[in-house]
Asker: 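A single structure is presented below for examination.
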Amino acid sequence: MNGLKYNIRIASEGRELVAIDEFRLAKSAINVLLGESGIGKSLISLAIAGLLDPDELNVKINGKSYTAYLRSREAIDIRRSGFFVFQEPSSHLNPLSTLRTQLREGSLTDAPDEERILRKLWQDSALSDVESILDVYPKPYRPSGGEKQRILAAMAFKKMAASAAHARESLFIFDEPTGNLDNNLRNEFLDLLIENFRNQEATIVLITHDYSIISRFVSTYSAVSKNILYRELLLEHGKLRLRDFLPGEYLSWMEKRNKAIHTVKKTETILRLYPHVKVFGRTLSISRDIEGRKHEPLVIRKGAVTYLKAPSGAGKTTIVKIMMGLIKPEKMSMELGSEVYTEETNRNVWAQNVWGKRMTMVFQHADESLNQNSKVKSVFSGLPIAGLMNEQKIVNSISELFEEEPSCGFLETKVKYLSGGQKQRLNLLRSLILHTDILILDEPLNGLDFARVAKVIAMIETKLKSGIGVLVISHNEEVFDTLVAQEDVYYLHHTGVESR
Amino acid sequence: MATRTLTGNSWLSILNSKKDLLWLMTWIAGLGMLWIWDALFLNAPAFARLQTAFLNSLFTGAMVVLFSLALGWFVGVSLHLLENSKSKVGFAVISFITDILRSIPQIIAVLIGYIILTVLLYQGIIRSSFVQLVWIAGTIAVAVFLEVADTIRHRIDYFRTLDFVDAMLCCGIKERRIINIEILWKNSRSHLLHKLIAIFGVSIFLQCSIDFIISVGLSTDVSLINFPTTLGNLLANVDSKQDILALSNLFTEPGYLSVIFVRHLQGLSAAFCIVFSLLCIYMIANGYVRRHKLA
């Protein structure tokens, strides 16, 4: 298989952001690029796609200045016939044009297959439903993140069809294209990706943290498996390295986990949340069946994981914030041990009895849940166990999720200078070291590479053995389904909007 | 070359990007040149008075900054905590007091402080210049500390909307620590420092304004000469006023320019110190806002 090799250096104001000696891409193949968040995958891809600003950043590719690279035949071809699907869909779309206009502008004007692509991405919904979304001017909150991602994917697939004549020179980069999609929608996207790849054999880069994509590729698209290459970008001793990632690494780990799948043990109930919660004028209901026919209280038991599932935007994070006393609902009832918490319960009661003592929570976005101006070691200051946390204990805790013992320099580093994955590890550690009865995890595997995913799961299992109850919200169903008994899976539904 | 590197920047362009430091250096350099000029041409007693006036004004300004920070921090944090507590009585009381203070023009509040100081001087309760300066600083701080309290409340309210506060609360970190250390100390130092620079400038301005108002005398027994010498006090002095009036000679006698900077130095130096300091402090504050992207 032909390949492209890049030596890439990116710096800003004298500070090196990315430096990699050999970044390889296979031509006419799907290059699945894995690795921890914030390590440089997007920046490298943007550099190759010619989308960085040479006035803002000092970029060198294969020893050439970025301006020279942008003038090269290769970069011109990539820009002419390729496409880049950005990680954050809002930053890609123009708020002053409707989605329909953007889906049909420039080289996409006469591109075929639009209707078929949209139908597929919307799982054969009525075309009128999709049409109503196309007339929207994109805003941060509308349409939803998942809908925006599907519009961008549709643009990319249209561009693939339009560039068929130049398929071999083109490069299509999908940066976390399924981050806001549930598993069904993700699979529809992957079907389209494979179908287009079979037709065009373009060079595709698929950047993702979702290792369960490997299972899908291996089980469903075995005919093209030799054209799918997995590579993991790693930061080792401060240096970036690209390594071949064998699907077997993940699959054999999953196989072991599936063998050891948990069975129900009737352990003591620690928390019971009654199934109807009213908040922001709507009612959220909990059930054990996916259709939501029979509503039941959500139960968290000692030494067991409870899994709360629902599509993106359904209110999972809202529910757990209500359980933590961070959002005041209009109606709720929760039993925590012998104590009852309702909408009337004062916030101070949570502060005195619950936070950091009986329950703790890991928030979804490490970037937002850590103080960016804190030093790494200060992340652990002020915890209810702070008196027990001397510097050596902090080092020991950090070592559990970081491959090497952290240096003094690392402990003194401000959080804002860490990669997304490092932030997520700190975010998890801060709660994992507490001795609470319940641990709530909101998308705990966000931005982690495979090695860290395995470590986090092992740490959760250790906590379970100590008797803690865990509530999980995660899109990563494949991994968490191996940790949860079917009886502990709950589904969240809307059951109506209150009239005002 | 299209790319830009740090090494390509000259020290001038670095200073240009740090205008606050540039203006701080300008201020120090300007005052240094004035000091040398006055050392050469101003008579010794007047030179000593000018130096004392400048140092006293600087000391008072620094004390105002300290008092305002302490008062503003205490009131800002207390209001936030009381607002979210079960009992709203404490919040209502402090809000009422701060609202009253807010309704009084700063210059009037400072004047009231001077009137009380006059009474204390008249009764012989306060004698030392140091205590008088501290009193003056305290008075001005009471008039301006709400600026700091408002900044603190604004910063707390802003950070309350971000996940990191809730995330820390969920980990059992105390709210007082989150507010005082995580929000104010780690994330708001630049904002507070900018506010304090502005308060320093305001304190110099208020001192001078009040000194001019009271130069007519607050009572038959207590007048400007009973207060410690400050820049405003020195400028409001009859000799200095005459020096400033001497500038009008330039309209009829332009040749007088050659002697004005030698013969009328006390008034001109005091005026220069005030105007130049206010200008520089204003520019330092603006430069600081731009450099730290606070606007």
Side-chain angles (χ1 to χ4, degrees), chain A residues 11-15 53-60 65-68 70 317 320-321 324-327 346-348 350-351 354-375 378-386 414-415 427 430-431 433-434 436 440, chain B residues 1-11 13-14 16-18 77 80-88 90-91 155-156 158-193 291-294:
Chain A
S12 170
E13 295 184 350
R15 188 167 162 258
D53 182 351
D55 286 339
E56 289 288 323
L57 295 165
N58 187 354
V59 184
K60 285 200 168 169
S65 76
Y66 200 48
T67 324
L70 292 177
T317 301
V320 290
K321 283 189 172 177
M324 287 301 299
L326 299 170
I327 293 177
N346 192 285
R347 193 178 159 92
N348 291 336
W350 261 280
V354 178
W355 294 336
K357 297 182 183 100
R358 308 218 45 199
M359 291 167 76
T360 185
M361 175 176 167
V362 176
F363 280 59
Q364 188 172 6
H365 302 290
D367 255 337
E368 292 164 22
S369 56
L370 293 172
N371 186 350
Q372 299 296 308
N373 280 318
S374 259
K375 290 175 182 171
S378 306
V379 167
F380 302 94
S381 306
L383 294 174
I385 52 156
K414 281 195 174 176
V415 169
N427 186 29
R430 183 173 60 182
S431 292
I433 59 171
L434 296 174
T436 54
I440 298 179
Chain B
M1 194 171 149
T3 51
R4 193 184 297 154
T5 60
L6 189 66
T7 49
N9 288 326
S10 65
W11 64 270
S13 63
I14 292 171
N16 193 40
S17 66
K18 295 178 178 175
V77 173
H80 171 77
L81 294 175
L82 290 168
E83 191 176 18
N84 294 302
S85 71
K86 271 191 221 166
S87 163
K88 302 288 177 200
F91 178 73
R155 296 297 292 166
I156 296 172
Y158 168 70
F159 279 96
R160 291 282 312 171
T161 63
L162 303 184
D163 262 354
F164 94 74
V165 172
D166 282 345
M168 278 192 274
L169 286 172
C170 286
C171 290
I173 298 172
K174 297 277 179 228
E175 189 167 11
R176 279 168 203 274
R177 182 192 161 84
I178 296 173
I179 289 171
N180 289 308
I181 297 177
E182 306 294 338
I183 295 178
L184 296 178
W185 178 247
K186 292 184 184 169
N187 282 291
S188 307
R189 286 206 302 269
S190 304
H191 295 78
L192 287 171
L193 186 57
R291 181 153 71 95
H292 292 271
K293 300 183 175 72
L294 302 182

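The sequence lines fix the lettering, A, B, ..., with proteins before strands; numbering per chain opens at 1. From a predicted model like this one, the values you see are computed outputs, not experimental measurements. Values below: every heavy atom of this structure, side chains too, minus hydrogens, waters and symmetry copies.
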Asker: State the CH2-NZ distance between A/W355 and B/K174, to the nearest 0.5 angstrom.
Answerer: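 Spacing of CH2 (A/W355) from NZ (B/K174) equals 10.5 Å.
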Asker: Check B/D166 against A/F363 and note the closest heavy-atom contact, atom names and distance.
Answerer: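 The answer is CB-CZ, 3.7 Å.
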Asker: Measuring heavy-atom distances to chain B, does A/K321 have an atom under 4.5 Å in its side chain, in its backbone, in both, or in neither?
Answerer: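 When you check distances to chain B, only side chain atoms of A/K321 fall under 4.5 Å.
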Asker: How many angstroms lie between atom CG of A/N348 and atom CG of B/N84, to the nearest 0.5 angstrom?
Answerer: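 Between atom CG of A/N348 and atom CG of B/N84 there are 8.5 Å.
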Asker: For B/C170 and A/T360, work out which heavy atoms get closest and say how close.
Answerer: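 Reported closest heavy-atom pair: O-OG1, 3.2 Å.
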Asker: Heavy-atom cut-off 4.5 Å, strictly under: side chain, backbone, both or neither for A/M361 against chain B?
Answerer: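 Both the backbone and the side chain of A/M361 come within 4.5 Å of chain B.
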Asker: Mind listing the closest non-hydrogen atom pair of B/C171 and A/S431 along with its distance?
Answerer: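 Looking at all heavy atoms of both residues, the shortest contact is SG-OG, 3.5 Å.
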Asker: May I ask you to check whether over 12 heavy atoms, not counting those of B/K18, lie within 6.0 Å of atom NZ?
Answerer: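 It does not: B/K18 NZ has 12 such atoms or fewer within range.
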Asker: What's the spacing between B/L169 CG and A/R347 CZ if we round to 0.5 Å?
Answerer: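 Reported to 0.5 Å precision, the distance equals 6.0 Å.
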Asker: Please identify, among A/N371, A/N373, A/L434, the residue contributing the most non-hydrogen atom pairs under 4.5 Å to chain B.
Answerer: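 Most heavy-atom pairs within the cutoff with chain B belong to A/N371.
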Asker: Tell me whether B/R176 at atom CZ has more than 12 heavy atoms from other residues, nucleotides or ligands lying less than 6.0 Å away.
Answerer: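 No - once you tally the heavy atoms of other residues, nucleotides and ligands closer than 6.0 Å, there are 12 at most.
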